[in-house]
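Note that these values count all heavy atoms, side chains included, but never hydrogens, waters or copies made by symmetry. Counting starts at 1 for both ligands and their atoms, following the listed order.
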Amino acid sequence: MLTRLRPEFRSLPEAEVAEAVLRRCVHCGFCTATCPTYRLLGDENDGPRGRLYLMKAFLEGGPAGSDTVRHLDRCLTCRSCETTCPSGVEYHRVLERVRPQAAERLGRPWRERLARAAIGSLMPRPDRVTALLDLARHFDFLLPGRLRRRLPQVPRLPSWRDTSGHTTMLVLPGCVQQVTHPGTNRGLARLLARQGVGLRAIESPSCCGALNAHLDQGNAARRLMQRMIETWERACREQQSEVPVLAAASGCGLHLREYDEHFAGSSGWAERAAAFAAAVRDPAEVLDPERVQGLAAHSPFPRIVFHAPCTLQHGLRLDVRVRELLTAAGFELLPVREPWRCCGSAGAWSLLHPELSERLLEARMAGFPLEAADAVVTANVGCQMHIATATALPVLHWIELLAEAADRRDASRNQSPETGSESR
Ligand code: SF4
Ligand code: SF4
């Protein structure tokens, strides 16, 4: 697809990867049918094929301006286009490499730059997220209605201890999730304790680097990723074995699993990042389906709408696995119209594009049979918080749903979990 690469890009590894991916595109346009922003705005430049053309034009030195960056920034990086593309175009690999270059050379408005800098320094730090939420709740009367509705009720739970078992895994508590939904990791620890798996929390770094990477803050993201790899290597040395790494939030899990892409060709880090990425597991790959059987009978929410986050279905491609677990547990998964749809959260994207985000949420909710459901269930903290602003139903992580049902079952049998100690 690329023919006349700008001289300044010829030696960049980013351009090489982008060129290889762009060559696969045959311009068929199938991907536009499942692109949330194209479906919403009807502009070719706000769909995957149009964005690929824009990035190609930029790399070749063709006409490109601030409009190019605006269209690229409107992309949710949901990867729905990748699931649809019959040619296997890995769109995200082009976007992640070309957009930072385009933004650097073509510029973003100063307000946008300021917002990105603020989000990039606040959100990856749980202490700052906590302080910000406390402040926002104190002065919530000053916030616009939309933001006020998005403020999560933060449960104050006692800090939790690492759990023990015959196998130990590391878990990333998640920079936002550990503040707003600490029950998810507690639930994961309790479920895995029943399988004899102990969990150790990764205390530092507190963020996988996804937020900074999505904000095109490559250096900050790389620093977090390097620290994460070092933490994992230390744990492997201590245990004298390769320690699996879990993340309950599918957004974090996908980013951790793709560390190798971020360090490809980087001397000293490429192999280490690849080894780390290979150790990352989603909880759905670790939980034993046999052990969840019949749990729905103990849940107050047996009929559910399952919203598969984009990171789970288009990134990790594990939505089927989660559905299988929930079905094995006996939950009734109500049919969702256009299940490929993004809810409009997409990490920090919803903060940068609040109006588009609201419209995407509305479109997503319209496909949910809420009147027949007891709860909405998902797999990523961002989606969980976003969807909760649009329904009075409980919105749970699937791990919380299973863990609570398992606790109720055990309580009804008046027995404690088979193995493992009290978890966080
Ligand atoms: S579906 Fe794939 S090959 Fe077709 S235009 Fe989209 S990215 Fe290109
Ligand atoms: S990642 Fe999502 S929003 Fe971006 S072009 Fe692909 S389908 Fe559209």
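- Under a 4.0 Å heavy-atom criterion, Gly29 is in contact with ligand 1.
- Atoms of ligand 1 found under 4.0 Å from any heavy atom of His27 (numbered from 1 in listed order, with element): 5 (S), 8 (Fe).
- Of all atoms in ligand 1, numbered sequentially from 1 with element shown, those under 4.0 Å from a heavy atom of Leu52 are 7 (S).
- Neither the backbone nor the side chain of Thr32 comes within contact range of ligand 1; no heavy atom lies under 4.0 Å.
- The shortest contact between atom 4 (Fe) of ligand 2 and any protein heavy atom is with Cys75 SG, 2.4 Å.
- Residues Arg317 and Gln313 bring no donor and acceptor atom of their side chains to less than 3.5 Å of each other.
- Contacts between Tyr91 and ligand 2, counted as non-hydrogen atom pairs separated by less than 4.0 Å, involve the side chain only.
- Below 4.0 Å from some heavy atom of Thr77 lie the following atoms of ligand 2, by number and element: 1 (S).
- Classified by interplanar angle (parallel below 30°, tilted 30° to 60°, perpendicular above 60°), the ring pair His27/Tyr53 is parallel.
- Each of the atoms 1 (S), 2 (Fe) of ligand 2 lies under 4.0 Å from some heavy atom of Arg79.
- The protein atom (non-hydrogen) at minimum distance from atom 5 (S) of ligand 2 is Arg51 NH1, 3.1 Å.
- Coordination check, Cys78 versus atom 2 (Fe) of ligand 2: passed, since an N/O/S atom of the residue sits under 2.8 Å.
- Under 4.0 Å is where a charged nitrogen must lie from a carboxylate oxygen, and between Glu355 and Arg74 no such pair does.
- Among all non-hydrogen protein atoms, the one lying nearest atom 6 (Fe) of ligand 1 is Cys31 SG, 2.3 Å.
- Less than 4.0 angstrom separates some heavy atom of Pro86 from each of these atoms of ligand 1: 1 (S).
- Listed by atom number, the atoms of ligand 1 under 4.0 Å from Ser87 heavy atoms are 3 (S).
- Evaluated for a salt bridge (Lys or Arg N to Asp or Glu O under 4.0 Å) with Arg51, the options Asp67, Asp73, Asp46 yield exactly one hit, Asp46.
- Side-chain atoms of His397 and Gln384 form no donor-acceptor pair, as typed in the model, at a separation below 3.5 Å.
- In terms of protein heavy atoms, atom 8 (Fe) of ligand 2 is closest to Cys35 SG, 2.3 Å.
- Arg364 and Ser345 are not linked by any side-chain donor-acceptor pair at a separation below 3.5 angstrom, with hydrogens and angles left out of the test.
- Between Ser350 and Ser357, the side chains place no donor N or O within less than 3.5 Å of an acceptor N or O (distance only, hydrogens not considered).
- Looking only at heavy atoms of the protein, atom 3 (S) of ligand 2 is closest to Leu76 N, 3.5 Å.
- Relative to the six-membered ring of Trp110, Arg113 misses at least one condition, a distance below 6.0 Å or an angle of at most 45° to the axis.
- In the vicinity of Cys28, heavy-atom distances shorter than 4.0 Å reach the ligand 1 atoms 1 (S), 3 (S), 4 (Fe), 5 (S).
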For side chain to side chain contact (heavy atoms under 4.5 Å, CB included), just list the numbers for Leu246 and Arg281, CA-CA rounded to whole Å, side-chain angles, deciding distance to a tenth of an Å, and then say yes or no. CA-CA 5 Å; Leu246 301 179; Arg281 306 273 181 280; 3.6 Å; yes
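- Look at Cys85 and atom 2 (Fe) of ligand 1: an N/O/S atom of the residue is under 2.8 Å from the metal.
- No heavy atom of Cys81 sits closer than 4.0 Å to any atom of ligand 1.
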Worked check of side chain to side chain donor-acceptor pair (under 3.5 Å) between His92 and Thr77: CA-CA 7 Å; His92 77 278; Thr77 53; over 6 Å; no
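- Tyr259 and Phe276 have parallel rings, their planes meeting at less than 30° on a 0 to 90° scale where 60° marks the start of perpendicular.
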